[in-house]
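What follows is a short report on a single structure.
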Amino acid sequence: MTDVRVRIAPSPTGPVHVGTAYQALFDLVLAKKHGGKFVMRIEDTDQTRSRPEYEEQIFKALRWMGLDWDEGPDVGGPYGPYRQSERTEIYREHAKQLVDGGHAYPCFCTSERLDVLRKEQMQNKTKLGYDGHCRDLSAEEVAEKLAEGLDHVIRLKMPQEGTCIVKDRFRGEIELDYAQVDDQVLIKTDGFPTYHMAVVVDDHLMKISHVIRGEEWIMSTPKHLVLYEAYGWEPPEYMHLSLLLNPDGSKMSKRRNPTSVEYYRRAGYSPQALRNYLALMAYPPVGEEDMFSFEQLVEDFDPDKINLGGSIFDMEKLNWLNGRYLREDRSSEQLLKDLKDWLVNDEHFAQMLPFLQQRMETLGDFMPQVAFFFARKVDPQAEDLVPKKRQAEEIPPMLQTAIWALDEVLDWQKEGIEAALRGVAEYWEWPVRDVTVPLIAALTGEKVGPPLFESAALLGQDMTRMRLIDAMNVLGGLSKKKAAKLEKGWKAKR
RNA sequence: GCUCCCAUCGUCUAGAGGUUAGGACCCAGGGUUUUCAACCCUGUAACCGGAGUUCAAUUCUCCGUGGGAGCACCA
């Protein structure tokens, strides 16, 4: 095998999803198996959604999981820069090559026209996708429009007939008709590349030999293959991993379950256990045991043993596995160190003192009052979640809007949290108290507790989110239909 | 709607033509224990359906069915 180089390419648009860690895990396994390199590349080409603070979270979360990389924006390497926003010139040049070679073309269609087109296609139930409106503009027309300074994108000219064969190491050969895929945008109006453009150019330039990614990418692989072909480059070997699923079988989403790596860290899971469990989602137990180390997995790894069906993320089994690591894989000295590294340390206690000091008569009052900061989950009573003069049915919708508002807080500090929650009270035209009372119960599991905003800040964004979801469920939850309607109203008012 | 992927207990899976279809989580019962965990034992529970191929199909093929994914100037 030639030099194995794999990469994980997260986009910094939110907390790190366990699915990202799951892919990174198999990337690392493959790299270690063959003495290859693991590359971290930040895909921040979406200027509207990418945030530098999420990049930090990616590094932190993946490092905590023990999935360290050999090259990346923070550690450097011979194929940098490893941040796509710093590579725009490279993409522009490559796009120009494509246009010059007749493999791509400028498109002047407005997003309005595209919206109308899409609606028509949905109505007429015809094939969805770009209709090739600008595909055959003459050189004069293009020059003219360019001279006018019209906004435009660069689109890839896809074959209009024939079959594309995608070779997948896990699944064999997959046949996809070119007619099925439209002329994908390569360079956006803002001059930034889309995923499809950037991924191909970077994977080639960074000499990536194997691409392990989620199953959701299978359908767009022909676009990538066409690009490799146009450049005359050798494509990497593709391996599409099955998806992680919610208990109801849909693609794992944060709507009902904790999906961020940070949540698992904060809830007290061990990185070894989480890695082990994630491996089990696509790979059978090594030997007789469900419990195995990363090294054992590398040793045993065989792509033919990968399971292709989507796997439901079963928190109960994760809990059991994690328990085994805690009691079988650690001396009490190590366990004590784990606790300290986690949250049982002076720094964490010190953060609580400012608002705990005035609530104590003896030192013995301290621990009971801060227990909820350490708990995996709390158990709020329905009656405590409903403020006086409010009906129980009113609470889940409010909690849902609180979740949305809190999701948007970038700097997770008292101030941002407070502003978000005051916004929620305003939205419902409720006294702020009617928002904070249920939240206190949701976060602490008690009627009363330390100041809400500070507590939420200390609990962390992901843990806060999960406790609010749990609280909603205590009150019977919120139907999908109601949630959709609520979301419309919520978005409209802001 | 179109296309693709997938299909063994509720969940994660072993199985690669002939097995009492095995294990793990969960659940139930029991044992051990001052209690609770942990631990040990036992039990409940599965090959989506129909055609082929074959002496023989959970296993191979095809067609259904079911589930999932994709169809953006998001990745």
Side-chain angles (χ1 to χ4, degrees), chain A residues 9-14 17 19-20 42-50 84 107-111 113-115 117-118 121-130 151-155 163-164 166 168 170-172 174-199 213-223 240-252 276-291 304-305 307-324 326-328:
Chain A
S11 58
T13 54
H17 197 278
T20 304
I42 295 293
E43 308 229 327
D44 55 349
T45 56
D46 184 342
Q47 292 194 86
T48 59
R49 295 198 308 151
S50 294
Q84 291 187 330
C107 166
F108 301 89
C109 294
T110 60
S111 45
R113 186 183 105 75
L114 265 19
D115 284 346
L117 177 70
R118 201 186 148 72
Q121 288 170 335
M122 300 249 273
Q123 248 170 32
N124 305 336
K125 293 187 176 172
T126 51
K127 205 179 68 196
L128 263 35
Y130 183 62
D151 276 349
H152 67 281
V153 301
I154 305 293
R155 280 185 191 270
T163 304
C164 178
V166 176
D168 182 293
F170 297 154
R171 293 159 204 267
I174 300 166
E175 292 186 16
L176 294 161
D177 288 339
Y178 282 123
Q180 197 55 221
V181 346
D182 65 353
D183 288 355
Q184 176 62 44
V185 170
L186 260 21
I187 302 285
K188 302 181 254 189
T189 310
D190 64 5
F192 272 55
T194 58
Y195 170 81
H196 305 286
M197 175 76 192
V199 80
R213 67 203 333 185
E215 192 182 358
E216 74 260 36
W217 292 108
I218 292 178
M219 303 298 279
S220 47
T221 310
K223 298 168 188 173
H240 290 96
L241 232 31
S242 63
L243 266 20
L244 261 23
L245 271 24
N246 290 318
D248 71 358
S250 57
K251 185 171 158 181
M252 195 173 177
N276 189 160
Y277 184 70
L278 251 16
L280 244 15
M281 295 278 82
Y283 200 77
V286 173
E288 294 284 286
E289 274 281 16
D290 280 339
M291 183 170 161
D304 292 329
K305 287 166 79 173
N307 280 296
L308 269 12
S311 298
I312 291 172
F313 194 94
D314 179 4
M315 201 79 74
E316 302 227 50
K317 184 148 182 177
L318 204 213
N319 291 343
W320 164 79
L321 231 202
N322 200 74
R324 284 196 61 181
L326 257 31
R327 71 185 97 91
E328 294 176 25

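Chain naming here is simple, since letters A, B, ... match the order of the sequence lines and numbering starts at 1 in each. Predicted model only: the values in this text are computed from it and were never measured.
- Rounded to an integer number of Å, the gap from A:D168 CG to B:rA69 P is 18 Å.
- The two residues A:V185 and A:T194 come nearest to each other via the heavy atoms O-OG1, 2.7 Å.
- Proximity note for A:D46 (side chain, C-beta onward) versus B:rU3, B:rA72, B:rC74: the nearest is B:rC74.
- Distance A:Q180 CD to B:rG1 C1': 11 Å, rounded to the nearest Å.
- Atom name C1', nucleotides B:rA14 and B:rA24: the rounded distance is 11 Å, in whole Å.
- Counting only heavy atoms from C-beta on, A:P284 has its side chain closest to B:rU13 among B:rA69, B:rU13, B:rC4.
- Listed pair A:N307 / B:rA14 meets the phosphate criterion, a side-chain N or O lying under 4.0 Å from OP1 or OP2.
- Within 6.0 Å of CD in A:E328 there are more than 12 heavy atoms belonging to other residues, nucleotides or ligands.
- Checking B:rA28 for Watson-Crick or G-U wobble geometry (two distances, each under 3.5 Å) identifies B:rU42 as its partner.
- Shown here for A:M219 and A:P222, the closest heavy-atom pair between the two residues is O-CD, 3.4 Å.
- Among the heavy atoms of the strands lying under 4.0 Å from A:V153 is at least one base atom, whether or not backbone atoms are also near.
- Note on A:E175: only backbone sugar-phosphate atoms sit closer than 4.0 angstrom, heavy atoms only; bases stay farther off.
- No side-chain heavy atom of A:L321 sits under 4.5 Å from any side-chain heavy atom of A:K317.
- Interatomic distance, CZ of A:R213 versus OG1 of A:T20, reported as 14.0 Å (0.5 Å rounding).
- A:T194 has no side-chain polar atom (N or O) that falls below the 4.0 Å cut-off from OP1 or OP2 of B:rA72.
- Nearest-nucleotide positions on RNA chain B for A:K305 and A:D177 put A:D177 closer to the 5' end.
- Taking atom CG on A:L243 and atom P on B:rC4, their separation rounds to 18 Å, with Å as the unit.
- Spacing between B:rA69 and B:rU61 at atom C1', rounded to whole Å, works out to 26 Å.
- In this model, the phosphate group of B:rG68 is not approached by any side-chain N or O of A:S242 to a distance below 4.0 Å at OP1 or OP2.
- Residue-level contact check: A:R155 touches the backbone only, with heavy atoms under 4.0 Å from sugar-phosphate atoms and none from bases.
- When the side-chain nitrogen and oxygen atoms of A:K188 are compared with OP1 and OP2 of B:rA75, one or more of them lie within a distance under 4.0 Å.
- Look at CG on A:D182: it is 13 Å from C1' on B:rC2, rounded to the nearest Å.
- What you find for A:N307 and A:P284 is that their closest heavy atoms are ND2-CD, 3.8 Å.
- Note on A:R118: a side-chain N or O is less than 4.0 Å away from OP1 or OP2 of B:rA72.
- The nearest heavy atom of RNA chain B to A:E328 and to A:Q84 marks one nucleotide each, and the one closer to the 5' end goes with A:E328.
- Look at B:rC9: it lacks any Watson-Crick or wobble partner with both distances under 3.5 angstrom.
- For A:T189 and B:rC73, a side-chain-to-base donor-acceptor distance below 3.5 Å is present, hydrogens and geometry of angles not being considered.
- For the C1' atom pair drawn from B:rC2 and B:rC12, the interatomic distance equals 33 Å after rounding to whole Å.
- Side-chain N/O atoms of A:R327 include none lying less than 4.0 angstrom from OP1 or OP2 on B:rA37.
- Within 4.0 Å (heavy atoms only), A:E215 reaches at least one base atom of the nucleic acid.
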* Structure fact -> A correct 5'-to-3' footprint of nucleotides 25-36 of chain B, with B, S and - meaning base, sugar-phosphate only and no protein heavy atom under 4.0 Å, is SS----------
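- Taking only side-chain atoms of A:S311, from C-beta outward, the nucleotide of B:rC73, B:rC12, B:rC4 with the closest atom is B:rC12.
- If you check B:rC4, B:rU13, B:rA75 against the side chain of A:P285, the one that comes closest is B:rU13.
- Distance CD1 (A:I154) to C1' (B:rA72): 17 Å, rounded to an integer number of Å.
- Comparing the C1' positions of B:rC60 and B:rC26 gives a spacing of 35 Å, expressed to the nearest Å.
- In this structure, B:rA37 forms no base pair with any nucleotide, since neither Watson-Crick nor G-U wobble geometry is met with both distances under 3.5 Å.
- In this structure, A:W320 has its ring center no closer than 6.0 Å to that of A:Y277.
- A:R118 has no carboxylate O lying under 4.0 Å from a charged side-chain N of A:D115, or vice versa, which leaves the two without a salt bridge.
- With both ends at atom P, the span from B:rA72 to B:rG66 equals 25 Å, rounded to whole Å.
- Counting non-hydrogen atoms under 4.0 angstrom, A:C164 reaches nothing in the nucleic acid.
- Each of B:rC12, B:rA69, B:rC6 was ranked by its minimum atom distance to the side chain of A:L280; first place goes to B:rC12.
- Ion pairing between A:R324 and A:D290 fails under the 4.0 Å rule for side-chain N and carboxylate O.
- In this structure, the CZ atom of A:R213 is 14 Å from the C1' atom of B:rC5, given to the nearest Å.
- Across all strands shown, the partner of B:rG70 is B:rC2, judged by Watson-Crick or G-U wobble contacts whose two distances both fall under 3.5 Å.
- Considering only the side chain of A:E216, B:rG70 comes nearest among B:rC4, B:rA72, B:rG70.
- The interatomic distance linking A:D190 (CG) with B:rA72 (C1') rounds to 14 Å, in whole Å.
- Nucleotide B:rG64: paired with B:rC48 (Watson-Crick or G-U wobble, both distances less than 3.5 Å).
- A side-chain N or O of A:N246 and one of A:S250 form a donor-acceptor pair less than 3.5 Å apart.
- Nucleotides B:rU54 and B:rC62 place their C1' atoms 16 Å apart, quoted to the nearest Å.
- Straight-line distance from the CG atom of A:L117 to the P atom of B:rA72: 10 Å, rounded to whole Å.
- If you take atom C1' in B:rG22 and the same atom in B:rG49, they sit 25 Å apart, rounded to whole Å.
- The base-pairing partner of B:rA14, taking Watson-Crick or G-U wobble contacts with both distances under 3.5 Å, does not exist among the strands shown.
- Comparing B:rG1 with B:rU44, their C1' atoms sit 43 Å apart, to the nearest whole Å.
- With B:rA75, B:rA72, B:rC12 as the choices, the nucleotide that has an atom nearest any side-chain atom of A:M281 turns out to be B:rC12.
- Counting only N and O atoms by type, the side chains of A:D177 and A:T163 include a donor and acceptor under 3.5 Å apart.
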